[in-house]
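Quantities reported herein were computed from a predicted structural model and do not represent experimental measurements. Ligands are counted one by one from 1 in listed order, and the atoms in each one are counted from 1 as well.
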Amino acid sequence: MASAGLFEAALDHAHARGVLCGGIFQTSTIAVCPNSGVSASGCHSKLIVGGLALVGIGAAIGYFACKKASCCSSRVNTKIKLGEPKVADTVDLEDIGDKKAFCRCWKSEKFPYCDGSHGKHNKETGDNLGPLIVKKKE
Ligand code: FES
């Protein structure tokens, strides 16, 4: 039976020798891991524990790599006055003139004013950010 041969071949990597007979796996000798002397059940346990350890290590590496990367950060502000606990700006009404655009994307080099940097951000991310435009009534 072809599937029995595949099953047997799959088990041979861990067992010394086994025979599939009528769907029941029987060993003709004591099953041991090759080159180790460990019993088949002990060998499977070691394989499972080793596999789980590798998955855990991979998950930990992925988690810390993602946490370090700016793509996964929950920060909105990544460049404006980063050393301060809070960014607050005051603008006198007299300095606004007839109309002024204020940045809401936190990417402007002229913060708190908009310099158009939101356009690059929107193009790269598919976002839809834009400025707050303050103007005098006409
Ligand atoms: S640069 Fe930030 S909203 Fe325009």
**Message:** How wide is the angle at atom 2 (Fe) of ligand 1 spanned by Cys105 SG and Cys103 SG, rounded to 10 degrees?
**Reply:**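 For SG of Cys105 and SG of Cys103, the angle centred on atom 2 (Fe) of ligand 1 reads 100°.
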
For ligand 1, which atoms, with element, lie under 4.0 Å from some heavy atom of [X]?
| X | value |
| --- | --- |
| Gly130 | 3 (S) |
| Ser108 | 1 (S) |
| Asp115 | 1 (S) |
| Arg104 | 2 (Fe), 3 (S) |

How are the rings of Tyr113 and Phe102 set relative to one another: parallel (under 30°), tilted (30 to 60°) or perpendicular (over 60°)?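 Correct class here is tilted.
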
For Lys81, is there an ion pair with Asp89 - N to carboxylate O distance below 4.0 angstrom?
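Salt bridge present between Asp89 and Lys81.
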
Short question: side chain of [X], backbone of [Y] - any donor-acceptor pair under 3.5 Å?
| X | Y | result |
| --- | --- | --- |
| Asn122 | Glu124 | no |
| Lys79 | Lys107 | yes |
| Asp115 | Glu109 | yes |

- Query: Tell me: protein heavy atom nearest atom 4 (Fe) of ligand 1, and distance?
  - Reply: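 Atom 4 (Fe) of ligand 1 sits closest to the protein heavy atom His118 ND1, 2.1 Å.
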
